[in-house]
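A short write-up of the structure that comes next.
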Amino acid sequence: MSHARVWTLLPALLMAGCASLPLEMGGFGGSTAPQTVAGLTYEEIQQLGALRGTCAHLQDMRRQGRRVDATEMTERLLPACEQMIESAREKARQEREEAERREIAVFMAREWAVVEAQVAQRRSREREWREAEQQRQEAELLRAQLAQAEEKQAERRAALAERIRTTTIYDKLSEYEDKPVAHSIGQPSQTTLKTFLACVELAYPNKGYRISQSGRTLTIIAREAQLPRGDLPIEMRFNENPQYWRMTYLMVADIEARQDADRFVLSQNLVAQSCPQEGGLF
């Protein structure tokens, strides 16, 4: 075909294809897709997540060397791609900020957990210290009370011992060996004969004694003892053994204790008020 023929057909071709030329112009001029959009390469746009729609179309045009009307490029395609890029950047920024907020929240929660653990540990130590201090103070108070009680008990025992030594019966039995009293064979108590009789005298003062011994049997009668029922006698007999005095007879007023168990109970009743600690030792 001659050049004249080409130039003759060109106006007709332009008239026939004018509807599609504003989008892509092939090799007849216009603008090609730029290498970067909004300062980003297409690879970077893809990494940003915006390589789709108009941006993907621009990449295809770039690869294939296609052209488009300059106005179409500058007023529609590039702004549309730039808007997609900006939207993707905004989304990425929001996601980054959200990730940072979550990371900060996790960090703060972790740090707060450490602080709470430290506070709980400190409170636990303080509570343990307070409990230990309270226990120490209570122990000190208890020791002081026990010491005071022991001191008072020692004073009472000393006072009682002095009162026992000043009784009439204690003096009258000075020639007799002061051995423990027993209420059954082979079972002596911790209370001695003189202590027992002195406690009876302290509880029930009397108007004198009649003391006699026949063989190993010692008889003691307290005359006119001040009993609840009046001034009546208390009669006791003891059988001497190598390690103790065994009570074999006890009569208080008209009450006669004939069995070991009865004598044991009546003996305790006699001294329970004047010598309570002695009464509990039979």
Side-chain angles (χ1 to χ4, degrees), residues 1 3 5-142:
M1 183 181 296
H3 293 292
R5 180 58 175 168
V6 171
W7 286 110
T8 302
L9 292 176
L10 183 57
L13 291 173
L14 291 175
M15 291 296 293
C18 64
S20 60
L21 283 179
L23 292 178
E24 295 186 8
M25 300 185 64
F28 296 103
S31 298
T32 61
Q35 186 175 357
T36 61
V37 180
L40 300 179
T41 64
Y42 294 104
E43 182 178 356
E44 292 171 338
I45 295 173
Q46 183 177 16
Q47 293 174 358
L48 187 61
L51 191 60
R52 50 191 173 78
T54 304
C55 292
H57 180 61
L58 289 175
Q59 184 187 42
D60 291 341
M61 291 178 60
R62 179 72 184 180
R63 287 175 178 174
Q64 299 172 11
R66 299 198 305 271
R67 294 176 177 273
V68 71
D69 181 71
T71 301
E72 179 73 10
M73 177 66 71
T74 57
E75 293 184 3
R76 190 180 71 82
L77 297 180
L78 289 179
C81 182
E82 289 172 351
Q83 181 61 40
M84 295 179 67
I85 292 172
E86 182 60 27
S87 298
R89 281 175 171 168
E90 179 63 18
K91 181 181 179 181
R93 184 186 63 79
Q94 293 177 356
E95 291 177 350
R96 186 167 58 252
E97 290 178 353
E98 180 63 25
E100 289 175 354
R101 283 194 294 268
R102 287 196 299 268
E103 185 176 349
I104 291 173
V106 171
F107 174 78
M108 293 300 294
R110 185 167 57 248
E111 290 299 310
W112 181 247
V114 172
V115 171
E116 285 186 328
Q118 292 174 346
V119 171
Q121 186 178 14
R122 184 174 67 253
R123 288 177 178 173
S124 177
R125 287 197 298 265
E126 291 174 353
R127 183 172 59 254
E128 291 174 357
W129 180 87
R130 288 194 299 270
E131 291 175 354
E133 180 64 16
Q134 182 178 359
Q135 292 175 357
R136 184 189 65 79
Q137 293 176 358
E138 291 175 352
E140 288 183 355
L141 178 60
L142 180 60

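Residue numbers start at 1 and run along the sequence shown. Hydrogens, waters and symmetry mates are skipped; everything else that's a heavy atom, side chains included, is used. Everything numeric in this text was worked out from a predicted model, so none of it was measured.
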Quiz item: Can you name the residues that form a side-chain contact (heavy atoms from CB on, under 4.5 Å) with Q134, not counting sequence neighbours?
Solution: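 Residues passing side-chain contact (heavy atoms from CB on, under 4.5 Å) with Q134: E138.
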Self-check item: Contacts of E133 that satisfy side-chain contact (heavy atoms from CB on, under 4.5 Å) - sequence neighbours left out
Solution: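 Per chain and number, E133 pairs via side-chain contact (heavy atoms from CB on, under 4.5 Å) with W129, R136, Q137.
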For the residue pair [X] and [Y], what are the closest heavy atoms and their distance?
X: G49; Y: R52; answer: O-NE, 3.5 Å
X: M84; Y: T54; answer: SD-N, 3.9 Å
X: L40; Y: I85; answer: CD1-CG2, 3.8 Å
X: M73; Y: S31; answer: CE-O, 3.9 Å
X: L58; Y: A33; answer: O-CB, 3.2 Å

So for atom [atom1], which belongs to [X], do other residues, nucleotides or ligands contribute more than 12 heavy atoms lying within a distance under 6.0 Å?
X: R63; atom1: CZ; value: no
X: E43; atom1: CD; value: no
X: Q35; atom1: CD; value: no

Practice problem: Check whether the side chains of E98 and Q94 place a donor and an acceptor atom closer than 3.5 Å, and report yes or no. | Solution: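 The answer is no; no qualifying pair exists.
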Solution key, residues 107-123 side-chain donor-acceptor pairs under 3.5 Å, sequence neighbours excluded:
| from | atom 1 | to | atom 2 | distance (Å) |
| --- | --- | --- | --- | --- |
| W112 | NE1 | E116 | OE2 | 2.7 |

Measuring from atom [atom1] of [X] to atom [atom2] of [Y], what distance do you get when rounded to the nearest 0.5 angstrom?
X: R62; Y: T41; atom1: CZ; atom2: OG1; result: 11.5 Å
X: L78; Y: C55; atom1: CG; atom2: SG; result: 9.0 Å
X: S87; Y: L48; atom1: OG; atom2: CG; result: 10.0 Å
X: R102; Y: E95; atom1: CZ; atom2: CD; result: 8.5 Å
X: H57; Y: D60; atom1: NE2; atom2: CG; result: 7.5 Å

Practice problem: State, with a plain yes or no, whether a side-chain heavy atom of E82 is found less than 4.5 Å away from one of E86. | Solution: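 The answer is no, as the side chains (C-beta and beyond) never meet within the 4.5 Å cut-off.
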